[in-house]
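What follows is a set of notes on a single structure, which appears directly below.
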Amino acid sequence: ATYGNIMFIDGTYNLNENDYPCIVCVVIDNDRKSRIVGIAFVACEREIILHSLFEFFIKNNDTSITECIMIDKDMKEDRMIQVKF
């Protein structure tokens, strides 16, 4: 609730020896600095896993001021964000 109304979500690969994707959620605070507000290593980026991930995030964080979510071209993330947010 302290930070901005735009959240950035992206997954990255090849960070660990098991090649698990790392999903990172970042917001910009009032001092214009990036703040990680969520991070998860997942077995794969299937829709059911992303659904559970976003459900957990929303349940444990106040997303009422979130007006915009920026992602890359990953359509699985796009569908889950539209459903959950």
Side-chain angles (χ1 to χ4, degrees):
T2 307
Y3 302 130
N5 54 359
I6 300 174
M7 183 166 52
F8 304 89
I9 301 173
D10 199 8
T12 188
Y13 299 87
N14 300 323
L15 293 179
N16 56 69
E17 63 185 36
N18 296 317
D19 290 330
Y20 292 149
C22 177
I23 309 292
V24 180
C25 301
V26 176
V27 298
I28 306 299
D29 69 10
N30 296 329
D31 294 326
R32 307 190 96 193
K33 295 185 180 181
S34 301
R35 300 288 182 174
I36 295 174
V37 293
I39 190 166
F41 282 98
V42 295
C44 61
E45 285 190 278
R46 291 193 179 140
E47 287 189 19
I48 188 69
I49 292 174
L50 294 174
H51 180 274
S52 297
L53 175 67
F54 293 137
E55 192 172 89
F56 180 83
F57 182 83
I58 291 168
K59 179 181 174 186
N60 292 286
N61 294 281
D62 179 14
T63 58
S64 63
I65 65 167
T66 304
E67 296 176 6
C68 178
I69 298 174
M70 183 174 278
I71 62 170
D72 60 5
K73 61 188 177 297
D74 191 338
M75 297 311 292
K76 291 177 289 216
E77 287 177 357
D78 182 43
R79 284 191 293 274
M80 285 301 103
I81 288 168
Q82 289 181 34
V83 168
K84 300 310 289 178
F85 288 89

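Everything numeric here is computed off the predicted structure, so don't read it as measured data.
- The two residues A43 and Y20 have their closest heavy-atom pair at CA-CD2, 3.9 Å.
- The shortest non-hydrogen separation linking S34 to V26 is CB-CG1, 3.8 Å.
- Rounding to the nearest 0.5 Å places CZ of F54 at 12.5 Å from CG of N61.
- To the nearest 0.5 Å, atoms CD1 (I23) and CG (D10) are separated by 7.5 Å.
- For the atom pair I69 CD1 and F8 CZ, the distance stands at 11.0 Å (nearest 0.5 Å).
- Note that CZ of F57 is 7.0 Å distant from CD1 of I9, once rounded to the nearest 0.5 Å.
- Rounded to the nearest 0.5 Å, atoms CD1 (I48) and CG (L53) are 12.0 Å apart.
- Between V24 and I36 there is a side-chain heavy-atom pair separated by less than 4.5 Å.
- Taking each heavy atom of V37 and M7 in turn, the nearest pair found is CG2-SD, 4.2 Å.
- Within the model, atoms CZ of F41 and CG of N18 stand 10.0 Å from one another, a figure rounded to the nearest 0.5 Å.
- The side chain to side chain donor-acceptor pair (under 3.5 Å) check on S64 picks up D62, with sequence neighbours excluded.
- Without hydrogens or angle criteria, D29 side chain to D31 main chain gives a donor-acceptor distance under 3.5 Å.
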